[in-house]
Amino acid sequence: PIAPIPFDVPRHSFTVRIEVGSDKMKSADRRVKAESEMSAETCVIRLRKYPVCLLHELRHCIEGDWHPRNEQNTEDC
């Protein structure tokens, strides 16, 4: 697991939209359980199945890329 470290949180206020269902996912890879996308002041979280990976993706909304994209990470999933 990735140990939490103190840092400056890049986002302090934003809107979250959660979409649930395989048809909502942008990734065609069935191994991807969830994804998030931040644009302007809205973070869209897409989950194949609620609540799998919700906390993980919410961390991306708040913290940005808290783990390398090329490193698969299932913490909070």
Side-chain angles (χ1 to χ4, degrees):
I2 296 175
I5 55 172
F7 60 93
D8 292 329
V9 175
R11 296 177 190 90
H12 296 276
S13 177
F14 56 91
T15 301
V16 176
R17 187 174 79 223
I18 299 172
E19 300 176 353
V20 180
S22 293
D23 60 320
K24 303 294 185 182
M25 300 287 291
K26 285 190 171 183
S27 175
D29 185 344
R30 300 288 298 167
R31 294 173 295 177
V32 176
K33 297 177 184 177
E35 58 195 14
S36 60
E37 181 178 12
M38 188 76 188
S39 61
E41 298 299 317
T42 302
C43 185
V44 179
I45 296 175
R46 296 179 191 89
L47 308 172
R48 285 202 191 278
K49 186 176 180 180
Y50 177 86
V52 178
C53 298
L54 177 58
L55 182 55
H56 178 106
E57 297 306 327
L58 184 57
R59 284 187 68 188
H60 280 299
C61 294
I62 297 168
E63 302 172 29
D65 292 331
W66 59 274
H67 66 83
R69 287 199 182 274
N70 61 351
E71 175 186 296
Q72 188 175 19
N73 184 301
T74 57
E75 185 173 342
D76 298 326
C77 280

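Side-chain atoms are counted along with the backbone in the values below, which use heavy atoms only and exclude waters and symmetry mates.
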With Ser22, which residues qualify under side-chain hydrogen bond (donor to acceptor under 3.5 Å, both in side chains), at least two apart? Arg30
Contacts of type side-chain hydrogen bond (donor to acceptor under 3.5 Å, both in side chains), residue Asp29, not counting sequence neighbours: Arg31
About how many Å separate [atom2] of [Y] and [atom1] of [X], when rounded to the nearest 0.5 Å?
X: Ile45; Y: Leu54; atom1: CD1; atom2: CG; result: 5.5 Å
X: Cys43; Y: Ile62; atom1: SG; atom2: CD1; result: 8.5 Å
X: Cys61; Y: Arg17; atom1: SG; atom2: CZ; result: 11.0 Å
X: Lys26; Y: Glu19; atom1: NZ; atom2: CD; result: 9.0 Å
X: Leu47; Y: Glu35; atom1: CG; atom2: CD; result: 9.5 Å

Would Ile18 end up clustered with Met38 when hydrophobic side chains under 4.5 Å apart are linked, directly or stepwise? yes
Say whether Val32 and Val20 are linked into one hydrophobic cluster, either directly or through other cluster members, by side-chain heavy-atom distances under 4.5 angstrom. no
Is Arg46 salt-bridged to Glu57, cutoff N-O under 4.0 Å? no
Any pair counted as ring-ring contact (aromatic ring centres under 6.0 Å, His included), so long as it reaches residues 32-58, sequence neighbours left out: His56-His60, His56-Trp66, His56-His67
